[in-house]
Amino acid sequence: MELNLCKDKLVGMYRKLLEIRIFEEKVFELYAQNLVPGTIHLYAGEEAVAVGVCSNLRKDDYITSTHRGHGHCIAKGAQPKRIMAEILGKKTGYCKGKGGSMHIADFSVGMLGATAVVGAGLPIAMGAGLSIKLSRTDNVVACFFGDGASNQGTFHEAINMAAIWSLPVIFVCENNVYAMGTRRSRVMLIENIADRAQAYGISGVAVDGNDVLAVYEAAQKAVERARRGEGPTLIECKTYRHKGHSRIDPAKYRPEEEVEEWLRKDPIKRFREKLMQTEVLTETEIQQVEKDVLAEIDEAAKFALQSPFPDPAEALKDVYA
Ligand SMILES: Cc1ncc(C[n+]2csc(CCOP(=O)(O)OP(=O)(O)O)c2C)c(N)n1
Ligand SMILES: [Mg+2]
């Protein structure tokens, strides 16, 4: 193993990767049974990004998320059963069933919120960074966003402001090749989104987003820099979503060979192989982790399915402030 990480840490990362994948598979299964009232954007295939970054964060650090947020929530320590309940529109969900998949937040673990508005997490992360700086703590905030979002004005404004004020923000671009059905190369001429960091005078690095240890290492440097008060970093993680953009998208715009190539680079398969090759885990231990995670997600789904829907009389409660 290139990185000097203890067995507990590595197994914890493997478990999180798997938790996200199995959670998303369960969401898809429930959606197919018509049990999901709103839309969903699945994170399967991109797990190494959320896990590689969040494994460097403390509970009192922050993250902001996107419309594709289930994986970010789980990686930062939010409870899968309450995320699942929210997705199913149940009273026990994070927003009492009124927000759905794209509005999940859990301030108790520093998860500041998913958002349906592409690029909206960037200025929120910048603001959180400013609050950390003014409070003089050594916390950091990691901001997840897509390749599409990096063409929004918020990307440029938030990064520039974080740069000039040297805020403790780690900007994490999840470049999954597409923004809905639009290929990245149709909407930007540069190869690496990370190169945009130069325009703001900060460090930028592009990494294999399907290699959890590569993401971990890049995030570790960025987090250390931010904690020392040396300002933001832009990390571009090259990755791919296994499913279509959202629940109704069969993703016919993607060439079959491209999908197959990325499936071969599956982040979980790769990490599992590495853990076995380096004798961190045996086949039996791997199977045990998988069994535990399957049971945990089954339990989460059961909890969500058995929970009641919110009372219609409370429809407007907690909605307006
Ligand atoms: C401001 C805004 N513009 C457009 C949309 C519609 N929309 C939803 S997701 C999406 C694509 C986002 O692509 P990317 O940032 O690459 O994230 P990905 O879905 O690939 O994770 C678009 C255009 C929106 N929700 N908000
Ligand atoms: Mg994208």
Side-chain angles (χ1 to χ4, degrees), residues 20-21 23-24 27-28 31 38-54 63-76 87 99-104 111 113-126 142-159 170-196 206-210 215 234-255 258-259 261-263 265 267:
I20 299 171
R21 174 69 55 86
F23 183 92
E24 294 297 58
V27 172
F28 192 71
Y31 154 66
T39 192
I40 44 167
H41 302 80
L42 299 178
Y43 196 66
E46 306 186 21
E47 296 91 346
V49 181
V51 174
V53 172
C54 290
I63 64 164
T64 63
S65 174
T66 66
H67 52 286
R68 199 176 298 290
H70 311 161
H72 308 140
C73 292
I74 294 174
K76 190 65 177 71
I87 293 169
S101 161
M102 290 188 285
H103 297 96
I104 294 165
M111 161 56 188
T115 172
V117 182
V118 171
L122 286 125
I124 294 172
M126 191 278 292
C143 169
F144 296 98
F145 57 94
D147 47 295
S150 78
N151 286 331
Q152 292 285 85
T154 49
F155 167 91
H156 305 278
E157 294 177 47
I159 295 188
I170 297 94
F171 291 99
V172 184
C173 181
E174 304 181 317
N175 177 2
N176 61 6
V177 193
Y178 293 90
M180 299 186 78
T182 305
R183 244 189 120 74
R184 186 202 56 79
S185 53
R186 271 187 68 199
V187 289
M188 50 181 105
L189 298 181
I190 53 169
E191 185 56 36
N192 291 322
I193 296 170
D195 291 348
R196 289 183 168 174
V207 296
D208 178 349
N210 279 21
V215 177
L234 172 61
I235 302 175
E236 174 190 3
C237 299
K238 295 183 191 286
T239 185
Y240 204 74
R241 56 169 149 76
H242 284 179
K243 298 258 185 236
H245 168 71
S246 65
R247 68 184 205 165
I248 49 163
D249 174 21
K252 290 269 182 349
Y253 45 83
R254 305 194 302 189
E258 179 184 283
V259 178
E261 187 194 328
W262 279 97
L263 286 175
K265 293 193 279 190

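Both counts, for ligands and for their atoms, begin at 1 and track the order of listing. Keep in mind that what you see is a predicted model, and the values were worked out from it rather than measured.
- Judged by distance alone, with hydrogens and angles left aside, the side-chain atoms of Glu24 form a donor-acceptor pair with the main-chain N or O of Tyr43 at under 3.5 Å.
- Below 30°, between 30° and 60°, or above 60°: for His72 and Phe144 the angle between ring planes is below 30°, a parallel geometry.
- Listed by chain and number, residues touching ligand 1 at under 4.0 Å (heavy atoms only) are His67, Arg68, Ala116, Val117, Val118, Gly146, Asp147, Gly148, Ala149, Gln152, Asn176, Tyr178, Ala179, Met180, His245.
- Not one N or O on the side chain of Tyr178 forms a donor-acceptor pair closer than 3.5 Å with the backbone of Ala251.
- At distances below 3.5 Å, not a single donor-acceptor pair connects side-chain atoms of Thr64 with backbone N or O atoms of Ala125.
- Listed by chain and number, the residues in a side-chain hydrogen bond (donor to acceptor under 3.5 Å, both in side chains) with Glu46 are Asn176 (sequence neighbours excluded).
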Could you check Phe23 against Ile87 for side-chain contact (heavy atoms from CB on, under 4.5 Å), going step by step and ending with a plain yes or no?
-> CA-CA 11 Å; Phe23 183 92; Ile87 293 169; 3.9 Å; yes

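- For the pair Glu261 (side chain) and Val259 (backbone), a donor-acceptor distance under 3.5 Å is absent.
- When only modelled atom types and interatomic distance are considered, Ser101 and His70 share a side-chain donor-acceptor pair under 3.5 Å.
- Protein nitrogen, oxygen and sulfur atoms, that is N, O or S, within less than 2.8 Å of the Mg ion (ligand 2) amount to 3.
- Under the rule for a side-chain hydrogen bond (donor to acceptor under 3.5 Å, both in side chains), the partners of Lys238 that lie at least two apart in sequence or sit in another chain are Asn192, Glu236.
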